[in-house]
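Note that ligands are numbered from 1 as they come in the structure, with each ligand's atoms numbered from 1 the same way.
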Amino acid sequence: MKELEERIRKEGTVKQGNVLKVDAFLNHQCDVALYDAMGAAWAEHFQGKTITKILTIEASGIGMACVAARHFGNVPVVFAKKAQSINLDGDQYVTTVYSFTKQREFPVIVSRKYLGPDDHVLLIDDFLANGKALHGLIDICKHAGATVEGIGIAVEKGFQGGGDKLREEGYDLDSLAIVESMDPETGDIEFRG
Ligand code: 5GP
């Protein structure tokens, strides 16, 4: 998606540790018109698939998932919650995710009330790096018996390999911008062609 690539080039900053900051339009201040264009792009890619629910992970995925839902017949958006501790009362699906940005593991939960075997799920997240967050969401869908129909990502960092692994696993993955390389010294960002 050219518009997203241009915004990343103009307003993104490359930090040490393979972190790309896009706070100006995606992760802190939210450009709703851009979110809308992203939702339209995913709707085009996943055209013909039955989607009953969008699943994302808090916090950054929520805004873009809600705007995207407008392009999928206003399906409900469920976000996995990052829990400090787990209350194992059986009402929740639980998995563990290693956070790229926080560099630690934490439990992630979704209530059984909001995901089940009849659901056909589109996973949405802002970034895809090593794929840990998405594998957590896939794990939750497996616990629920739900079908993962596809994955919509705003920014994939291709050089970290998580996306290619998911494609090898057979998932229909639509990343709107794929960063092939980025340099914290020069600020240069190259996209996959
Ligand atoms: P993964 O689990 O694929 O290794 O990392 C994806 C998760 O980590 C996303 O949910 C996102 O919040 C965060 N993340 C990974 N890399 C970046 C990055 O370069 N910039 C930002 N802002 N978040 C990232």
- request: Mark yes when over 12 heavy atoms from residues, nucleotides or ligands other than Y114 sit less than 6.0 Å from its OH; otherwise mark no.
  value: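 Not buried by this count: 12 neighbours or fewer within 6.0 Å.
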message: Below the 3.5 angstrom mark, is there an N/O of L128, backbone or side chain, next to an N/O of ligand 1?
response: no
query: Do ligand 1 and L134 have nitrogen or oxygen atoms that lie under 3.5 Å from each other?
result: no
Could you check if a side-chain atom of [X] sits within less than 4.5 angstrom of a side-chain atom of [Y], using non-hydrogen atoms only?
X	Y	value
L173	E156	yes
I189	M182	yes
Y35	L26	yes

Distance under 4.0 Å to a non-hydrogen atom of [X]: what atoms of ligand 1 satisfy this?
X	answer
L20	18 (C), 19 (O), 20 (N), 21 (C), 22 (N)
D125	9 (C), 10 (O)
V19	19 (O), 20 (N)
A133	2 (O)
N18	19 (O)
N27	22 (N)

- request: Examine the proximity of ligand 1 to K157 and report which part, side chain or backbone, both or neither, has a heavy atom under 4.0 Å away.
  value: side chain
Transitive ILVMFWY side-chain link M1 to V67, under 4.5 Å: yes
- request: State whether K165 and E168 are salt-bridged, where the test is any N-O pair (Lys NZ or Arg NE/NH1/NH2 against Asp/Glu carboxylate O) under 4.0 Å.
  value: no
statement: Ranking D126, L26, V22 by closest non-hydrogen atom to atom 11 (C) of ligand 1, top hit is D126
query: Out of G131, G17, G162, A59, whose heavy atom sits nearest atom 3 (O) of ligand 1?
result: G131
Atom 14 (N) of ligand 1: the protein heavy-atom neighbour that sits closest, reported with distance to 0.1 Å: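 Protein heavy atom at minimum distance: F127 CB, 3.7 Å.
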message: Check whether K132 reaches the backbone of E105 with its side chain - one donor and one acceptor, N or O, closer than 3.5 Å.
response: no
- request: Any chance you could lay out the side chain to side chain donor-acceptor pair (under 3.5 Å) test for N130 and H135, step after step, and finish with the verdict?
  value: CA-CA 9 Å; N130 299 301; H135 276 105; over 6 Å; no
